[in-house]
Visitor: 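So that we are looking at the same thing, I have put the structure below in structure tokens.
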Amino acid sequence: MPIDLKILDEAIRVALPVSHLDIEDQSNGCGDSYAIIIVSEAFNGKSTLARHRMVNVLLKDQIAQMHAFSQVIVQPNTCGPI
């Protein structure tokens, strides 16, 4: 079952204080493959693995329905302009 971009966006924004969010459907509109970039203060002080785990738990139901999912998860103080 394809995942709607709006569902991903809402799930992330409700759970995290997002300062930047980019969601790209890489499946030409099929909703089976997404790449996301999230910048959030919720990731401050957490390792890369811990940040990825947070997002994986948050989106576990949606990820289970996808063919592919990639993520770039960043702390606000470690990234330049996006």
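Index from 1, following the sequence. Only heavy atoms go into these numbers, but all of them, side chains included; no hydrogens, no water, no symmetry mates.
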Visitor: Taking the side chain as C-beta and beyond, is there a heavy-atom pair between V72 and I36 under 4.5 Å?
Guide: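 Counting from C-beta outward, V72 and I36 never come under 4.5 Å.
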Visitor: What are the two closest heavy atoms between S27 and D32, and how far apart are they?
Guide: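 Reported closest heavy-atom pair: OG-N, 3.2 Å.
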Visitor: Kindly indicate whether the side chain of L8, heavy atoms from C-beta on, has any atom under 4.5 Å from the side chain of M66.
Guide: yes
Visitor: Answer yes or no: does atom CD of E41 have more than 12 heavy-atom neighbours from other residues, nucleotides or ligands under 6.0 Å?
Guide: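 Open: at most 12 neighbouring heavy atoms sit under 6.0 Å from CD of E41.
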Visitor: How long is the straight-line distance from OG of S70 back to CD1 of I37, given to the nearest 0.5 Å?
Guide: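 Spacing of CD1 (I37) from OG (S70) equals 8.5 Å.
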Visitor: For I23 and Y34, work out which heavy atoms get closest and say how close.
Guide: CG2-CD2, 3.6 Å
Visitor: Nearest 0.5 Å, what's the CD1-NE2 distance between I3 and H67?
Guide: 14.5 Å
Visitor: Measure from the side-chain N and O atoms of R51 to the backbone N and O of F43, and report whether any donor-acceptor pair falls under 3.5 Å.
Guide: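 No; judged by distance alone, with no hydrogens or angles, the pair does not exist.
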Visitor: Minimum heavy-atom separation for K46 and Q75, please, with both atom names.
Guide: O-NE2, 3.6 Å
Visitor: Going from CG on D25 to CG on D4, what distance comes out if it is rounded to the nearest 0.5 angstrom?
Guide: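 One finds 9.5 Å between CG of D25 and CG of D4.
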Visitor: Which distance, rounded to the nearest 0.5 Å, do you find between the CE of M54 and the CG of L49?
Guide: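 Rounded to the nearest 0.5 Å, the CE-CG separation comes out at 12.0 Å.
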Visitor: Give me the atom names and distance for the closest heavy-atom approach of S40 to P76.
Guide: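 Nearest pair, atom of S40 first, then P76: O-CD, 3.2 Å.
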Visitor: Please confirm whether the backbone N or O of A50 pairs with a side-chain atom of S47, one donor and one acceptor, at under 3.5 Å?
Guide: yes
Visitor: Looking at NE2 of H52 and CD1 of I38, how far apart are the two atoms once the value is rounded to the nearest 0.5 Å?
Guide: 9.5 Å
Visitor: Does the side chain of R13 reach to within under 4.5 Å of the side chain of L21, using non-hydrogen atoms?
Guide: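 Side chain of R13 against side chain of L21, heavy atoms only: contact under 4.5 Å found.
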Visitor: Heavy atoms only: give me the nearest L16-A42 pair and the separation to one decimal.
Guide: CD2-CB, 3.8 Å
Visitor: Looking at S33 and Q26, would you say the former's side chain and the latter's main chain have a donor-acceptor pair under 3.5 Å?
Guide: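 No; zero donor-acceptor contacts below 3.5 Å.
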Visitor: Just checking, is any N or O donor in the side chain of Q71 or N56 under 3.5 Å from an acceptor N or O on the other one?
Guide: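 Yes, because at least one side-chain N or O of Q71 sits under 3.5 Å from a partner of the opposite role on N56.
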Visitor: Taking all non-hydrogen atoms of both residues, which atom of A15 and which atom of L58 are closest, and how far apart?
Guide: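 Result for this residue pair: CB-CD1, 3.1 Å.
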